[in-house]
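Here is the structure we will look at, set down as C-alpha cells.
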Amino acid sequence: MPDKFLKPYNPAETETRVYEAWEASGFFNPDNLPENGEPFTIVMPPPNANGSLHAGHALFITLEDILIRFKRMQGYKALWLPGADHAGFETQVVYEKKLEKEGRSRFQMDPKDLYDEIYAFTMLNKTGMEDQIRQIGASCDWSREKFTLDPAVVLDVQKTFVKMFADGLVYRGNRTVNWCPKHQTSLSDVETTNGEETAPLYYFTYGPFTIATARPETKFGDKYVVMHPDDERYAKWKEGDSFEAEWINGPITATVIKDEAIDKEFGTGVMTITPWHDATDFEIAKRHHLPYEQVIDWRGRLLPIAGEFAGMKILDARPKIVEKLALKGLVSKIDDTYRHVAKRCYKCNTFIEPQVKDQWFVKMAPLAQKAMEAVNDGAVRFIPENYEKIFRYWMENTLDWNISRQIVWGIPIPAWFRNRGTDAEESVASLERPDGDGWEADTDTFDTWFSSGQWPLIMTGFPEGKDYATFYPTDVMETGHDLIFKWVPRMIIFGLYLGKKVPFHTVYLHGLVNDAQGKKMSKSKGNVVNPLDLTSKYGTDALRMALVVGNTPGTDLALSEERVKGYKHFANKLWNIARFVLEHTGEADMKTPLVAHDAALRKEAEDLLAEVTKDIEEYRIYLAAEKLYHYVWHEFADKILEESKEILRSSDDEAKASRRAFLVHTLDAFLRALHPFMPFVTEEIWQSLQSKDAAFLMIARWPSS
RNA sequence: GCGCUCUUAGCUCAGUUGGUUAGAGCGUUCGCUUCACACGCGAAAGGUCAUAGGUUCGAAUCCUAUAGAGCGCACCA
C-alpha cells in the first residue's frame with residue numbers, strides 16, 4: 001500500500017497533478033481514444049469571457065463532464081467542445097462600468113480604441129476562465145476550442161446573414177425598437193425586463209375630450225385623438241372631424257381617428273397618440289397614414305418640439321409639464337394608484353424608451369414553424385419535460401428579431417447603405433462593398449445570440465469540416481433553464497436552417513444555484529459563493545457532488561458550505577475504504593471463486609450499478625449520485641468492511657480468499673462508477689489498485705452494461 | 001389577465017410509471033480513544049406529505065377547488 005494512504009486525502013495536492021496527466025494523455029480528444037465507438041458530443045455553452053467562473057458555471061461543467069466521462073467509459077467517442085463567447089452587449093456593459101469607475105466614457109472614445117481595449121480585457125478573462133474550467137475537472141477537448149470572435153467564426157456568422165438576406169429571411173425594418181438611453185443601443189425583447197410599477201395616471205382636458213396618460217412628456221406633437229369605433233359615448237364624432245384645443249405650448253388643431261386598438265374601459269376611452277415613442281401608437285399611425293415625429297432624443301432628453309422643456313430629461317420634465325397644464329386648468333384628475341408594467345434595460349434598469357429606428361430584423365415565423373415541427377416530431381426532447389410547453393409557447397408567439405446593436409463589441413453586420421434617410425435608400429447584405437458609388441458600411445454589430453445561436457454548427461465545423469460529418473447533430477445541449485427562450489430556440493432554428501437537422505436530440509436544463517437559504521446570489525446582497533474558494537477548501541470532487549446530488553433538472557439548488565463539506569468527508573471516506581482494502585488484500589487472487597455470501601453481495605452491488613447506469617442514461621444524474629454515495633458509505637463501508645474484519649481474522653481460508661477478491665473487485669467497480677462524479681479522488685486511488693487495466697480510470701471500462 | 005412550476009422532518013431537498021412501517025444530507029439528543037477513517041462508529045428523537053373534496057382495493061404520487069411562493073408572457077395609453 002502506498003504511504004500516501006496513511007494521511008487523509010489531500011485534494012489540493014492531487015487535483016492539478018491529475019488534471020495535467022489527463023490533459024497530457026490526449027484522451028480528452030476522442031481521436032486518441034483506444035476504442036472507436038459511436039460519437040457522443042456535447043457543445044459546451046460558451047461562458048461569457050468577461051469575468052470569472054460562478055457557481056452556475058461550476059454546475060454546468062459538472063453535469064456535462066459527468067455525461068462525457070460516463071459515455072467515454074462506455075466506449076463512445078466522447079467529444080466535449082469548449083468555447084468562449086464575446087457576449088457582445090453583456091461584455092460591453094461590464095467594460096463600460098469599468099470605464100465609468102475610471103472617469104471615462106465610451107462616447108468620448110474612438111470606436112477602434114474602445115474595441116481594442118475590450119478585446120484585451122476579454123482575452124485576459126478568457127484565459128483565466130479556461131484555467132478555472134480545468135479546476136472543475138472538465139474533460140473537454142481543448143484542441144478544438146473556439147472563440148466567437150475568431151476570424152473564421154466571424155466570417156461564418158456573416159455568411160449566414162448574407163444567406164438569410166438572399167433567402168428573404170432578414171429585412172431592413174423601420175419600426176419601434178427597445179432603446180436603452182443609457183447604453184445607447186436597441187435591445188431585443190429578451191434583453192428587457194418587465195416590472196410592475198405605480199405611476200401617476202394624468203387626466204388632461206384636450207379640446208372637448210378628456211385623455212388619460214402616464215407619459216405627458218411625449219405629448220407635445222400629438223394632434224390626433226383616437227377612440228374605439230364602437231364607443232357610443234363618442235358616436236357623434238366621426239373619423240376626420242377636427243377641433244381646436246389649448247395644449248401645452250399653445251393652441252392646436254387636432255383630428256379624430258377611430259381604431260379598434262383602443263380599450264374602451266381604460267381611462268376615458270380616448271387617447272392621443274405618440275407614434276415615435278409607443279409601439280401601439282406606431283401601428284395605429286401606420287394604419288391611418290399619420291405623420292410621426294421624434295420627441296425624445298437618443299439620450300432620453302426632450303427635443304426642440306418641446307419648446308421651453310427642450311433639453312430636459314423626461315423624469316425632470318414630467319412634473320413641470322403637468323404643472324404648466326394645471327396652471328392652464330387642463331388637469332382634471334391625477335390617479336396615483338395606477339399600476340402598469342414598464343420595460344427596463346435588463347442590465348442597467350433604465351426605462352426603455354421606445355424609438356423608431358432602422359434595424360435588421362429576422363423574420364421569425366417561418367423559422368419558428370420548422371422548429372416547432374421538429375419538436376412535434378420528437379426530434380428534440382426536453383428534460384424536464386414541461387419545458388417543451390414553454391418552448392412551444394415561444395415558437396407560437398414569435399416577434400421578428402431585431403439583430404442590430406449600436407455597440408462596437410461584436411461581429412460587424414456585413415451590410416451596406418446608399419442614399420440613407422431618403423426615399424431612394426438602398427440596403428444590401430454583402431461581405432464585400434457593392435459595385436457603384438456612395439455605399440456606406442453598416443456600423444452596427446450583431447446581437448450576441450445571432451452568433452451563439454449558430455454555435456453547434458460552428459463548433460462542429462459546418463459546412464465542410466470533418467467534425468461536422470462525424471459529430472453533427474450533437475447529442476445533448478445542457479444549459480440553464482433561463483435559456484429556454486433566449487438560446488435554445490435560436491440554435492434549433494439555425495441548425496434546421498443551415499444544417500437541415502436539429503443540432504441536438506436532448507435539451508437538459510438545470511436550475512439556478514442559489515445560496516444556502518435558496519435566495520438568488522447577487523453581488524449587492526453579498527451572498528455570492530465563489531466555486532473556486534470551495535474547491536480549494538473542500539476539493540473539486542466535493543463541490544461537484546454537492547452540486548449534483550439531489551439536484552433535479554429545472555429546479556433551483558440551495559448550495560450551502562455545509563453541503564460541500566459533507567462531500568469532502570465522503571471523498572475522505574472513499575480514501576480510507578481504499579486504505580482498508582489495500583491493507584487487507586495485498587495481492588488478492590481475483591480468480592478465486594466467491595463463497596455464497598460474497599456472491600450474493602456481489603449480485604446486490606451489480607444490481608445497483610445497473611440501476612445507476614440506467615439512471616444516468618435517463619438523465620437522473622441526481623439520483624445516480626445519491627445511490628452511489630449511499631451504497632459506498634452505508635453498505636460497503638459500514639456493513640461490508642466491518643463484517644470483513646471478522647472474516648479476515650478467521651481461519652477460514654476459503655472465506656478469506658473469497659472476501660479479498662470481492663473487496664478488490666467491489667472497490668474497483670465503485671471507483672469506476674463514481675469517476676464521472678468525483679474524477680480526481682477516484683483516479684488517484686485507482687492508480688494504486690491491482691485491478692487497474694488501463695492507463696487512466698478516465699478511459700477504463702464502465703462497470704455495468 | 002394568461003401560462004408554467006412549486007408547497008414533504010428544525011433547514012436544504014429526494015421520492016424514477018399510484019403498492020408494505022415516507023427517505024437523504026446537514027442540524028439535534030444519547031453512547032463510544034472499536035487496530036480504514038473523529039473528515040469517524042453505534043443508537044435515537046423528529047413528518048395529519050399546504051388545505052378541502054374526489055377517483056381507487058390502495059394516493060405524497062392521479063383529478064377538481066382554495067390558499068401561499070417563485071418564474072415567464074401580455075401594445076390597455
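Naming convention: chains lettered A, B, ... in sequence-line order (proteins, then strands); numbering from 1 in each chain.
Atom P of nucleotide B:C4 and atom OH of A:Y393 are separated by 11 Å, given to the nearest angstrom. Between the C1' atom of B:G42 and the CD atom of A:E643 lies a distance of 17 Å, rounded to the nearest Å. If you measure from atom CE of A:M545 to atom C1' of B:C39, you get 15 Å, rounded to the nearest angstrom. Summarising the geometry, the separation between CG on A:D615 and P on B:G15 is reported as 11 Å, rounded to the nearest angstrom. Nucleotide B:C71 holds its C1' atom 15 Å from the NZ atom of A:K389, rounded to whole Å. Here the P atom of nucleotide B:A77 and the NZ atom of A:K333 are 15 Å apart, to the nearest Å. A straight line from CG of A:N514 to P of B:G70 spans 13 Å, rounded to a whole angstrom. Atom C1' of nucleotide B:A24 and atom NE2 of A:H634 are separated by 8 Å, given to the nearest angstrom.
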Query - Stepwise side-chain hydrogen bond (donor to acceptor under 3.5 Å, both in side chains) check, A:T218 with A:D278 - result: CA-CA 9 Å; A:T218 62; A:D278 186 284; over 6 Å; no
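Without hydrogens or angle criteria, A:T213 side chain to A:R215 main chain gives a donor-acceptor distance under 3.5 Å. For A:D259 (side chain) and A:A261 (main-chain N/O), a donor-acceptor pair under 3.5 Å exists by modelled atom type. Under a 3.5 Å cut-off, the side chain of A:D541 and the backbone N or O of A:F680 do form a donor-acceptor pair. A distance-only check finds a donor-acceptor pair linking the side chain of A:N576 to the backbone of A:N572 [under 3.5 Å].
Across all strands shown, A:R563 has no heavy atoms under 4.0 Å from either base or sugar-phosphate atoms. Contact annotation for A:W575: no contact, since no heavy-atom pair falls under 4.0 Å across all strands. Across all strands, A:A637 comes closer than 4.0 Å to base atoms (heavy-atom distances). Residue A:T555 is in sugar-phosphate contact alone, with no base atom involved, counting any heavy-atom pair closer than 4.0 Å across all strands shown. Across all strands shown, A:G267 has no heavy atoms under 4.0 Å from either base or sugar-phosphate atoms. Using a 4.0 Å heavy-atom cutoff across all strands shown, A:T552 reaches sugar-phosphate atoms only and no base atom. At a threshold of 4.0 angstrom between heavy atoms, the contacts of A:L582 with the nucleic acid are absent. Residue contacts shown for A:H481 are absent, as no nucleic acid heavy atom lies under 4.0 Å away. When heavy atoms are screened at a 4.0 angstrom cut-off, A:Y629 is found touching the sugar-phosphate backbone but no base atom. Counting any heavy atom pair closer than 4.0 Å across all strands shown, A:V341 reaches a base atom. Counting any heavy atom pair closer than 4.0 Å across all strands shown, A:E642 reaches a base atom. At a threshold of 4.0 angstrom between heavy atoms, the contacts of A:I273 with the nucleic acid are absent.
Remark: the separation of the P atoms in B:A22 and B:C63 is 23 Å, to the nearest Å. Taking atom C1' in both B:A14 and B:U8, the straight-line distance is 10 Å, to the nearest Å. The separation of B:U64 from B:U28, taken at their C1' atoms, amounts to 40 Å, rounded to a whole angstrom. A distance of about 49 Å separates the C1' atoms of B:C32 and B:C71, rounded to the whole Å. Between the P atoms of B:A77 and B:G70, the separation comes to 24 Å (whole Å). Here, B:A59 and B:U17 have their C1' atoms 15 Å apart, quoted to the whole Å. Nucleotides B:A65 and B:C2 place their P atoms 12 Å apart, quoted to the nearest Å. Comparing B:U29 with B:A45, their P atoms are spaced 16 Å from each other, to the whole Å.
Projected onto RNA chain B by closest heavy-atom contact, A:P8 and A:T272 fall at different nucleotides, the more 5' of which corresponds to A:P8. Residue order along RNA chain B, read from the 5' end via each residue's closest nucleotide, puts A:A516 first among A:A571 and A:A516.
Of all nucleotides listed (B:C41, B:C4, B:C39), B:C4 comes nearest to the side chain of A:N386. In this structure, of B:C26, B:C75, B:U16, it is B:C26 that holds the atom nearest to the side chain of A:E562. Nearest nucleotide to the side chain of A:K627, out of B:A36, B:C41, B:U16: B:U16. With B:A36, B:A77, B:C37 as the choices, the nucleotide that has an atom nearest any side-chain atom of A:T213 turns out to be B:A77. Picking from B:A74, B:C35, B:A77 the nucleotide with the shortest atom distance to the side chain of A:H340 gives B:A77. Here the side chain of A:R579 is nearest to one of B:C37, B:A77, B:U16, namely B:C37. The listed nucleotides are B:A36, B:A77, B:C13; the one nearest the side chain of A:A558 is B:C13. When the nucleotides B:C39, B:A36, B:C4 are ranked by their closest atom to the side chain of A:I390, B:C4 comes out on top.
A cation-pi contact, defined as under 6.0 Å to the ring centre and within 45° of the axis, links A:R175 to A:F361. With A:F5 as the aromatic partner, A:R579 does not meet the cation-pi criteria of under 6.0 angstrom to the ring centre and within 45 degrees of the ring axis. Cation-pi geometry between A:K333 and A:Y203 is met: the NZ or CZ atom falls under 6.0 Å from the ring centre, inside 45° of the normal.
Residue A:Y622 has no polar side-chain atom (N or O) positioned under 4.0 Å from OP1 or OP2 of B:C13. The phosphate of B:C41 (OP1 or OP2) has a side-chain N or O of A:W633 nearer than 4.0 angstrom. Contact annotation: A:H569 side-chain N/O to B:C37 OP1/OP2 distance is not under 4.0 Å. Of the side-chain N and O atoms in A:K645, one or more sit less than 4.0 angstrom from OP1 or OP2 of B:A36. Contact between the side-chain N/O atoms of A:H228 and the OP1/OP2 oxygens of B:A77 is not found at any separation under 4.0 Å.
Side-chain contact of A:H277 with A:Q294: a donor-acceptor pair under 3.5 Å is absent, judged by distance alone. For A:D447 and A:W401, the side-chain atoms include at least one donor-acceptor pair closer than 3.5 Å.
Judged by distance alone with a 3.5 Å cut-off, a donor-acceptor contact links the side chain of A:K573 to the base of B:C37.
Helical stems involving RNA chain B, defined as 3 or more consecutive Watson-Crick or G-U pairs under 3.5 Å, span B:1-7 with B:67-73, B:10-13 with B:23-26, B:28-32 with B:40-44, B:50-54 with B:62-66.
Closest non-hydrogen pair, A:R233 versus A:G269, comes out as NH2-CA, 3.9 Å. The minimum heavy-atom distance between A:M477 and A:W487, with the atom names listed, is SD-CZ3, 3.7 Å.
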